[in-house]
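By convention in this document, chain letters (A, B, ...) are assigned in the order of the sequence lines, proteins followed by strands, and residues within each chain are numbered from 1. If you're wondering where the values come from, they're calculated on a predicted model, not measured in any experiment.
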4 protein chains.
Amino acid sequence: MTTKRRPSLKPRKVPQQSRAENTVTAILEAAASILEIRGMEGLNTNLVAQRAGVSVGTLYQYFPNKDALIVALSLQAQAAFFAEAEDALDQPTGQTALEYLISVSVRQQLRRPALARALDFEEGRPAIAKELASSQAAFHRLMQEILSRSDIPPQDNIEIATDDVLAILRALTDAAGERGEVRRSPLEHRVSRALSGYLGIIDTPPVESSRARSRRSRAS
Amino acid sequence: MTTKRRPSLKPRKVPQQSRAENTVTAILEAAASILEIRGMEGLNTNLVAQRAGVSVGTLYQYFPNKDALIVALSLQAQAAFFAEAEDALDQPTGQTALEYLISVSVRQQLRRPALARALDFEEGRPAIAKELASSQAAFHRLMQEILSRSDIPPQDNIEIATDDVLAILRALTDAAGERGEVRRSPLEHRVSRALSGYLGIIDTPPVESSRARSRRSRAS
Amino acid sequence: MTTKRRPSLKPRKVPQQSRAENTVTAILEAAASILEIRGMEGLNTNLVAQRAGVSVGTLYQYFPNKDALIVALSLQAQAAFFAEAEDALDQPTGQTALEYLISVSVRQQLRRPALARALDFEEGRPAIAKELASSQAAFHRLMQEILSRSDIPPQDNIEIATDDVLAILRALTDAAGERGEVRRSPLEHRVSRALSGYLGIIDTPPVESSRARSRRSRAS
Amino acid sequence: MTTKRRPSLKPRKVPQQSRAENTVTAILEAAASILEIRGMEGLNTNLVAQRAGVSVGTLYQYFPNKDALIVALSLQAQAAFFAEAEDALDQPTGQTALEYLISVSVRQQLRRPALARALDFEEGRPAIAKELASSQAAFHRLMQEILSRSDIPPQDNIEIATDDVLAILRALTDAAGERGEVRRSPLEHRVSRALSGYLGIIDTPPVESSRARSRRSRAS
DNA sequence: GATGAATGAGGATTCATTCAT
DNA sequence: CATGAATGAATCCTCATTCAT
C-alpha cells in the first residue's frame, strides 16, 4: 500500500527480443477479440492472458494495467487510420479531401466494426481520453486543415466544427457497424450528406446532377 | 397529419408522492448525481443507497439489480423527453416538426449534460438496450413518422435514416455537453444543418427567415 | 483504476449492532494471534477473516486495508497501556512515577510478548507511524512530564531524552520478550538501572531499600 | 587481557576486484540504496538488478534468493564493524573498551543511518536472524568479553546483560539516526550513560574529567 | 418494509523465481 | 555466464447481492 503513484498507461517495456514482440501482438489481438465479442465487461486481464497463451505476469510486463491495453489498441487503430488518412491532404480540394477521409474512416470502421465501436466507446472514458489526447489532437488538426480549405465554407468556430464533424463521422459509422452494414458506399454517401449539410457545402447543380445520377445507379 | 394525439406512454406527472415514491425518487436522484459526477465507474449500489439516505436493502426492494437503476434513469429521461417531444406531431410540416424535436432534444441534453451523456453511453450496452427497447422503439416511431412527412425528401431506407438521424442528434448534443456549451440556439443550428444535409432538405431562402423568426419566439 | 486516493487507515465504519461489535473484536483477535505466531509475513487479510470466522468482505467493512488492522491493534494496546499509565502522574516524585511507568510497560509487554514485539516493529513503518502519531505523542507528553519533575536531573534536550527513554524501555522489554522471560521484577530492575543511568539519577542508598521493598509488595 | 589478537572473521579487504566481484558489489550497493530510500517494501529483486545494471538472472547467479541479499548486506556491515570493533580488546580496561565500542557503533550507524536502521529491523526476522546467528554470536562474544573485565561490575546473568547492552546500543543509535542526528559525541554520551547505569558502573568524579579528555581526543 | 451486517466470487496486480536463448 | 522473457501463486480489495433481525 503506502504510496501509489498513478501508473502511466504507456507500455511498460518495449520488447527487445522477437519472441517478446510476438507476445505483445498476441496479447493485443486477444484483447481485441474479447472486446469485440464480449465487450468491456467481458474483458479481464486473466482472460486476455489466457487467450493470448501467456501468463498474466507476462501481460503485466508490457502493460502496466488493464486500461493500458485499451490505450494500446486505440493507438494501434489510430495509427492504421492515420497512415491512410494523411494522404487526404494530397487531394486537390477540401471537398475531395473530406470524401477521402470519409472513405478511409468507413473502410476502417467496417473492417472490425464491433471492435471499432467498443474502442470509440472506451475512448470516451476520461482515463483513456487523457492518454490518447495527443493522438486525437493529430486527427483534429488533420480534419481542421481540411475544413479550412477555400472550397469549404468558413465555419463560425472551426474548433467546434471539427469536433462536430468527427462526432458525426463516428456516430454514423458506429451505427452502421452496429446494424451490421457491410457495404461501404451507401454509408459513405450518408455521411457525406450529413457533413455537407453541416458544413454548408452546396451541391453545385451541374456536378450535382451527374453525381446524383451515378449515386442513384450505384445505390440500386 | 398522419397521427393526431395519442396517449403518452408514461404518466405525465407522478401522482401524490407516497413514501415509497419518495424513496424511489431519492434513490434515482442519488444515482443520477453520482453518474453525473463520477460516471459509471463511480456508481455502486452501496454508495447510491447511502447518498439517498436509505439502506442497500431498501434499494434492492425497489430495484432488482444495478442495471435496473440505469434503466429507470433512462426511462425517466425518455419519459420527460417524450412528454415534450410528442407535441412535435402537432407541427404543420415535417421540417418544423424536426426543428421542434431538435429543440426539445437540445434543451433536455443541456439540462444535465453529464448525466445525459453518461446515460447515452450506458444505453449502448446490450443488457440495458434490451430493457429499453420498447421505449426506444417509441422514439424511433415518432422520428420515423416525422421523416415520413411529405415535405421531407423520401429516404432510401427509412429505418436506417431514422437511426442515423437519432445518432447524429445524440452525437452533436453529447459533444456540446462535453464541451460545456450552454447556449442552445447555436447548437440547434448546427444539428439542423447536419440533419437537413443528411435528409436532403434544401434550405429554401425565403422560408429561412420565417423559420428563424419562429425559432426566436420559441427560444424565449 | 482511474484515481485512487490514499485511503485513510482509520476504521471504515463503527459497528452499530452488537453482532458487528463482536465481529470487529473477532477480527482484531484473529489478526493479533496471527501476528503473534507467524509475524507480519504470515498476516494476510483472507487468513484473518477466516480465522475470525467471517468473510473477507466483512473485514473490509471495518478496516479499509491491511495496515488499518495493525493500526487498530496498536491503538488498542496503547489505550490499554495509557489507562494504567496515566496514574503514574499521581506518584509523588518523578522517580517513583518513572518506576511506575516501567512497571506498567513491563507488565503489558509480558502479557503477549510476541504480539507486543510485532507491533513495536510495525509501528516503525512510516505508513503506520503516521497514523499513530497523535497517540504516540500522548505517550511522549506523559513521559516528558515525568522527566521534567524536579527530582530528575534536568536533561540537555528534553525531547531527545524522552525519545531515548522510550526507546530503551521498548528495546529492553522487547529483548526480554524475545528471550521468553516471564518474571517482571528482574526486568524492571534492569530497565530502571539503564534509565537511571541515562537520566543521571543517583541511586541514593537509603531510598533504594525502601523502593525495593515497595516494589516487592506491588509485584505480588 | 584475556584475548590478544585473533584473525578477523571476514577478510579485511576484498581482493583484486574481479568482474564477478564488481557485479556483486554493484548488486549489494543497489540493494543498500533502495533499502535506504524506500525501505524493505520498496525492495524487489527486479529493481535491484535494474539499478545494479545487471539482469535478474545474474542477480540470482550470485544470490540464491532475496533474503540472501539482506543477509549479505548485514554481513558486510557487521564485517566492517567488526574490523574496527575488535580493537576494543586492546583497550586497557573494560570501561575504555566499552567506550571504544560505543564509539565504533555510533560512527558506523551514522554513516548510513537509514540503511543501518533498515538492517537492524530486518535482522529481527527469524529467517534472517538464523543466517546471521554465527556472526551475531561473534559480536555477542566480543561484548561479553568486555563486560567480563574486572573493572565492570559483575552482572547477574552475563548473557542477558550482553543482550541488553547490545539492544540499548542499537535502540539509541537507531533513534538518533531516525531523528537525523549527525553529531557523534552527544550520542556517545547518552549511550554511555545508559550503559553505565545498566551495568552499575559508578562515574567516579575524578575519573570523569580524564574520560572526557580522552573522548575529545578520540572524536577528532 | 427497512436496516445494515455479511457474503464471496471475481478481478487486478505484484514479484520472487525459473529457464530458453 | 548473462540476459530478459515468462511464469503463476499469492494477495489485496471491491461490490453486487442476500438475509437475519
Side-chain angles (χ1 to χ4, degrees), chain A residues 1 4 7 12-13 15-24 41-50 52-67 69, chain B residues 19-20 23 41 43-50 53-69, chain C residues 1 4 7 12-13 15-24 41 43-50 52-67, chain D residues 19-20 23 41 43-50 53-69:
Chain A
M1 187 59 4
K4 189 169 279 176
R12 215 169 225 179
K13 81 159 78 159
Q16 298 183 4
Q17 298 178 2
S18 70
R19 85 176 145 147
E21 235 168 298
N22 292 336
T23 299
V24 168
E41 22 226 308
L43 190 76
N44 74 63
T45 53
N46 288 290
L47 181 59
V48 171
Q50 181 198 305
V54 300
S55 66
V56 227
T58 296
L59 186 155
Y60 278 91
Q61 296 252 2
Y62 298 102
F63 302 94
N65 54 47
K66 199 179 155 183
D67 280 353
L69 280 175
Chain B
R19 191 140 81 85
T23 301
E41 12 220 318
L43 189 76
N44 75 62
T45 52
N46 287 288
L47 181 58
V48 171
Q50 182 200 303
V54 300
S55 65
V56 225
T58 297
L59 186 154
Y60 275 86
Q61 206 92 50
Y62 294 103
F63 300 93
N65 55 47
K66 190 182 170 182
D67 279 352
L69 278 176
Chain C
M1 187 57 8
K4 191 169 278 178
R12 215 169 224 178
K13 82 159 77 159
Q16 298 180 6
Q17 299 177 1
S18 71
R19 86 177 144 147
E21 234 168 299
N22 291 335
T23 299
V24 169
E41 22 225 309
L43 191 75
N44 74 63
T45 53
N46 289 294
L47 181 59
V48 171
Q50 183 200 303
V54 300
S55 67
V56 227
T58 296
L59 185 156
Y60 278 93
Q61 295 252 4
Y62 299 102
F63 302 94
N65 54 48
K66 198 178 153 182
D67 279 354
Chain D
R19 191 141 79 87
T23 300
E41 15 218 318
L43 191 76
N44 74 62
T45 53
N46 287 288
L47 180 59
V48 171
Q50 183 200 300
V54 301
S55 65
V56 226
T58 298
L59 184 153
Y60 275 86
Q61 207 90 50
Y62 294 102
F63 300 93
N65 55 46
K66 191 182 169 183
D67 279 354
L69 278 176

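- Atom pair A:Gln50:CD and E:dT13:P shows a separation of 18 Å (rounding to whole Å applied).
- Of the candidate nucleotides E:dA12, E:dT17, F:dC13, F:dC13 has the atom nearest to the side chain of C:Asn65.
- Comparing E:dT17, E:dA6, E:dG11 by their closest approach to the side chain of A:Asn46 singles out E:dG11.
- Look at OH on B:Tyr60: it is 18 Å from P on F:dA20, rounded to the nearest Å.
- In the helix from E:dA2-F:dT21 to E:dT21-F:dA2, the terminal helix axes, each the rotation mapping four pairs' C1' atoms onto the next four within five end pairs, subtend 10°, rounded to 10°.
- Annotation: the span from A:Leu69 atom CG to A:Thr45 atom OG1 amounts to 8.0 Å, rounded to 0.5 Å.
- Phosphate contact (OP1/OP2 of F:dT17, side-chain N/O of B:Thr45, threshold under 4.0 Å): absent.
- Following rounding to the nearest Å, A:Phe63 (CZ) and E:dT14 (C1') show an atom-to-atom distance of 18 Å.
- Side-chain N/O atoms of A:Ser55 include none lying less than 4.0 angstrom from OP1 or OP2 on F:dA6.
- Among the protein residues, C:Leu59 comes within range of no part of the nucleic acid, since none of its heavy atoms lies under 4.0 Å from any strand.
- To the nearest 0.5 Å, atom CG of residue D:Asn44 and atom CD of residue D:Gln50 are 9.0 Å apart.
- The shortest distance between the side-chain N/O atoms of B:Thr58 and the OP1/OP2 oxygens of E:dG1 is not below 4.0 Å.
- Comparing D:Gly53 and B:Gly57 against DNA chain F, the residue whose closest nucleotide sits nearer the 5' end is D:Gly53.
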Take B:Leu43 and B:Lys66 through the test side-chain contact (heavy atoms from CB on, under 4.5 Å) and record every step on the way to the result. CA-CA 9 Å; B:Leu43 189 76; B:Lys66 190 182 170 182; 4.2 Å; yes
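- Distance OG/B:Ser55 to CD/B:Gln61: 8.5 Å, rounded to 0.5 Å.
- One cannot find a donor-acceptor pair under 3.5 Å joining the base of F:dA16 and the side-chain atoms of B:Asn44.
- Nucleotides of DNA chain E nearest to A:Val56 and D:Pro64 differ in position, and the one nearer the 5' end is that of A:Val56.
- Look at D:Tyr62 and you'll find a side-chain N or O under 4.0 angstrom from OP1 or OP2 of F:dA2.
- Residue contacts shown for C:Leu43 are limited to sugar-phosphate atoms, with no base heavy atom under 4.0 Å away.
- Within 3.5 Å, no donor on the side chain of C:Gln61 pairs with an acceptor on the base of E:dA5, nor the reverse.
- Side-chain proximity of D:Val54 to the nucleotides F:dC1, E:dA12, F:dT3 is greatest for F:dT3.
- The nearest whole Å value for the distance from the CG atom in A:Leu47 to the C1' atom in E:dA12 is 14 Å.
- Here D:Thr23 contributes atom OG1 and D:Tyr62 contributes atom OH; the two are 4.5 Å apart, rounded to the nearest 0.5 Å.
- When A:Val56, A:Leu59, A:Val54 are each tested for a side chain to side chain contact (heavy atoms under 4.5 Å, CB included) with A:Val48, only one passes: A:Leu59.
- In this structure, B:Glu41 places its CD atom 16 Å from P of E:dG11, rounding to the nearest Å.
- The D:Lys66 side chain lies nearest to E:dA16 when the options are E:dG1, F:dA2, E:dA16.
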